[in-house]
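Working notes for the structure below.
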Amino acid sequence: MSKLEQQRREKRGQIGQLGADPYGGRFEGAEPAASVRGRYTEGQEGQRGRCAGRIVLLRDIGKLIFMTLRDSSGTMQLGLSKKLLAGQWELIKKLDLGDLVGAEGTLGTTKTGELTIWVEHLTMLSKALLPPPEKFHGLADVDLRYRRRYVDLWANPEVMERFQRRSAMTASIRGFLQARGFLEVETPMMQTVAGGAAARPFITHHNTLDLDLYLRIAPELFLKRLLVGGMEKVFEINRNFRNEGLSTRHNPEFTMMELYQAYADYHDMMDLTESLIGHLIETHCAGSVLPFGEMEIDFSRPWRRARYADLLAEYAGCDIEDLPAVRKKARELNLDETGMDDAVVINEVFEATVESHLVPPTFVLDYPAALCPLTKQSAADPRWAERFELFAGAMELANAYTELNDPDVQEANFRRQLRGLSADETMAKMDGDFITALKYGMPPAGGLGIGIDRLIMLLTNATSIRDVILFPLLKPAGSGAGPEALPEAAGPST
RNA sequence: GGAGGCGUAGCUCAGCUGGUAGAGCAACGGCCUUUUAAGCCGUAGGUCCUGGGUUCGAGUCCCAGCGCCUUCACCA
């Protein structure tokens, strides 16, 4: 145990001896600091304030102490005068940076104009045994910030603000969809067949049933069962799990919004996507041109809609129908195209040449049908699937299509995908019950998936997905994980 | 998994061609009733990520490992 912690433990004991509970209790009627600030009228006598929060700055001038209290809304200065608080002065002298306190008193300003609660009674709410990070630089070590997000959130106020904005934005998404008649549902996260996307799943096990289960990689096949069941507009916002590499754009568990609308198609989904994200930007962002790292992204509507084949011609310089030319381009890009399906080669070239250019929001539409086993082919030209992906900031943000509702074509697509692939790489595993559902008749429908974490990244200018996920996946730290590792505290599981 | 970078006091960081470990903040003692990164005087605080090796001598050089960051690979 560090010396600093020992000192704080001693103070905790002394606070108890002074008759105060170092861990406090119910503290009624605390008002957010920002709200007090908002209602304060200068010069008007008799205004009172009652706040609770963490001591983040402490200036002890002897018989007068100033503290800066932080709550989730902002900060409030406390002025503690020995004259006003003679009965509590010994207790007040035991307070440390990081402690949680409540305070009530009259509001006023200091001669430098800072709004201050001139405290008449102070309540001890919780003793911090560990010292907070440095007051000016905050917690800067990236590893520590993720591992101890509970410190990061108040040591770096912009972190708190970003997650508050994330919460407000997801609330807006729900409101937007509910206002349009979409029903929010929850479908299984543990599935016996991990379908609806091409990704390696996590495997878990149910003991009583002695059953291996997969954490879902997508909710798609269950949401479409609900279309069969008669829910005409459904959505789900929830976690997907993909057992793949980590990057600034990938976390193994991530939040996806998927929605399905009966009797619609991918053009409807494009319009819906544009108005949903446009609405979020209008509601939660300053203007429609947003900074993103080194980039600036102009979200002014309407957004560009470009055909996949046209973008390939524009940036790769080859005709999607001219397969030898596409393969030649692949070799120029150092892609090993031997043994690859034509459609896969095309997509590799697309990803290598086009995606990095898609900084302004761009709908890429009409994908090669072979890449889209769950998508309805274009009636006009079956080589293309009625699918789009939305890119912004050179990042894939959304994926949508006109849903395939022919059970026989769906089953054939599943079988084709299963062929020649190893079990853990299977692009879409056969889901017999899903085929059964389709045989009862699924309405023609448009479906849309939006990666919520990536959307929040773009709208809050976070270039790493870890900055929009409260607890991103990290390897367990070694012995240096924390001085507070308490192996003896591992009690029985609950 | 490959490549590059980083790991030093509770926190933020210095530490040169190898020569007994440094600062600021935080802490402790003292002074101070309008400070706001408060100020002044004094004191204390180290598994230099871990383990090997080279050397008279390693925070520094070499090897291996661990963790994080970036990037590539993987990735509907």
Side-chain angles (χ1 to χ4, degrees), chain A residues 1-8 10-11 56-68 75-85 96-98 108-116 118 128-148 151 155 195-200 217-218 220 240 242-252 254 334-336 343-344 347-348 350-351 364 367-368 370-375 385 387-389 396 398-401 417 425 427-428 449 451 463-464 466 472 474-484:
Chain A
M1 190 187 304
S2 77
K3 188 178 171 185
L4 296 173
E5 181 174 345
Q6 281 174 22
Q7 288 169 351
R8 282 166 178 257
E10 281 166 26
K11 286 187 190 175
V56 291
L57 291 171
L58 195 155
R59 300 172 286 281
D60 184 345
I61 313 183
K63 297 187 183 66
L64 180 66
I65 299 175
F66 288 104
M67 292 178 179
T68 303
T75 60
M76 176 59 56
Q77 176 163 277
L78 305 184
L80 300 104
S81 150
K82 186 175 183 182
K83 214 171 180 177
L84 263 177
L85 288 162
D96 284 310
L97 285 174
T109 50
T110 61
K111 65 183 181 190
T112 50
E114 177 81 20
L115 178 59
T116 302
W118 293 103
L129 297 180
L130 292 173
E134 204 244 8
K135 63 188 179 189
F136 188 54
H137 299 91
L139 190 63
D141 183 278
V142 181
D143 188 26
L144 264 189
R145 287 188 42 221
Y146 297 147
R147 288 187 197 282
R148 301 196 186 162
V151 175
R200 273 183 291 174
I217 56 175
E220 171 152 355
N240 288 348
R242 297 187 183 177
N243 203 340
E244 282 150 10
L246 287 67
S247 79
T248 49
R249 270 162 254 115
H250 300 81
N251 195 62
F254 63 99
N334 289 320
L335 299 168
D336 182 14
V344 177
N347 205 41
E348 293 278 325
F350 185 91
E351 288 178 4
V364 178
Y367 276 64
L371 294 171
C372 313
L374 298 160
T375 309
R387 169 182 173 193
F388 74 80
E389 288 193 357
E396 182 194 333
N399 181 23
Y401 32 87
Q417 297 294 339
E425 287 174 337
M427 270 189 58
T463 51
S464 171
R466 297 178 198 99
L474 297 175
K475 285 195 186 181
S479 52
E484 288 59 58

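Chain A is the first sequence line, chain B the second, and so forth, proteins listed ahead of strands; every chain is numbered from 1.
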So what does [X] hit on the nucleic acid, given a heavy-atom distance under 4.0 Å: a base, only sugar-phosphate, or nothing?
| X | value |
| --- | --- |
| A:Leu57 | sugar-phosphate |
| A:Glu389 | sugar-phosphate |
| A:Tyr146 | sugar-phosphate |

State whether [X] places a side-chain N or O below 4.0 Å from either non-bridging phosphate oxygen (OP1 or OP2) of [N].
| X | N | answer |
| --- | --- | --- |
| A:Lys63 | B:rU33 | yes |
| A:Arg147 | B:rC68 | yes |
| A:Arg59 | B:rA38 | yes |
| A:Lys11 | B:rC28 | yes |
| A:Arg466 | B:rU70 | yes |
| A:Lys475 | B:rG65 | no |

Protein-nucleotide distance (A:Gln7, atom CD; B:rC28, atom C1'), rounded to Å: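 Value for this atom pair: 6 Å.
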Length of the line joining A:Phe136:CZ and B:rA26:C1', which is rounded to integer Å: 15 Å
When you get a sec, tell me which of [options] is the closest nucleotide to the side chain of [X]?
| X | options | result |
| --- | --- | --- |
| A:Phe66 | B:rU34, B:rG10, B:rU33 | B:rU34 |
| A:Lys135 | B:rA38, B:rC68, B:rC11 | B:rA38 |
| A:Ile61 | B:rC68, B:rU33, B:rC75 | B:rU33 |

Under the side chain to side chain contact (heavy atoms under 4.5 Å, CB included) test, residues paired with A:Val344 that sit two or more places apart: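 Scan of A:Val344 (side chain to side chain contact (heavy atoms under 4.5 Å, CB included), adjacent residues dropped) gives A:Met340, A:Asp341, A:Glu348.
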A:Leu115: partners by side chain to side chain contact (heavy atoms under 4.5 Å, CB included), with sequence neighbours left out: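 Side chain to side chain contact (heavy atoms under 4.5 Å, CB included) check on A:Leu115 returns A:Val36, A:Arg37, A:Tyr40, A:Met76, A:Leu107.
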Does [X] have any side-chain hydrogen bond (donor to acceptor under 3.5 Å, both in side chains) partners at least two apart in sequence or in another chain, and if so, which?
| X | value |
| --- | --- |
| A:Asp143 | A:Arg147 |
| A:Thr248 | none |
| A:His137 | A:Glu134 |

Protein-nucleotides 43-46 of chain B N/O pairs under 3.5 Å:
residue	atom	partner	partner atom	Å
B:rA44	O2'	A:Lys3	NZ	3.0

Is there a Watson-Crick or G-U wobble partner for [N] with both distances under 3.5 Å, and if so, which one is it?
| N | value |
| --- | --- |
| B:rU70 | B:rA3 |
| B:rU34 | none |
| B:rG46 | none |

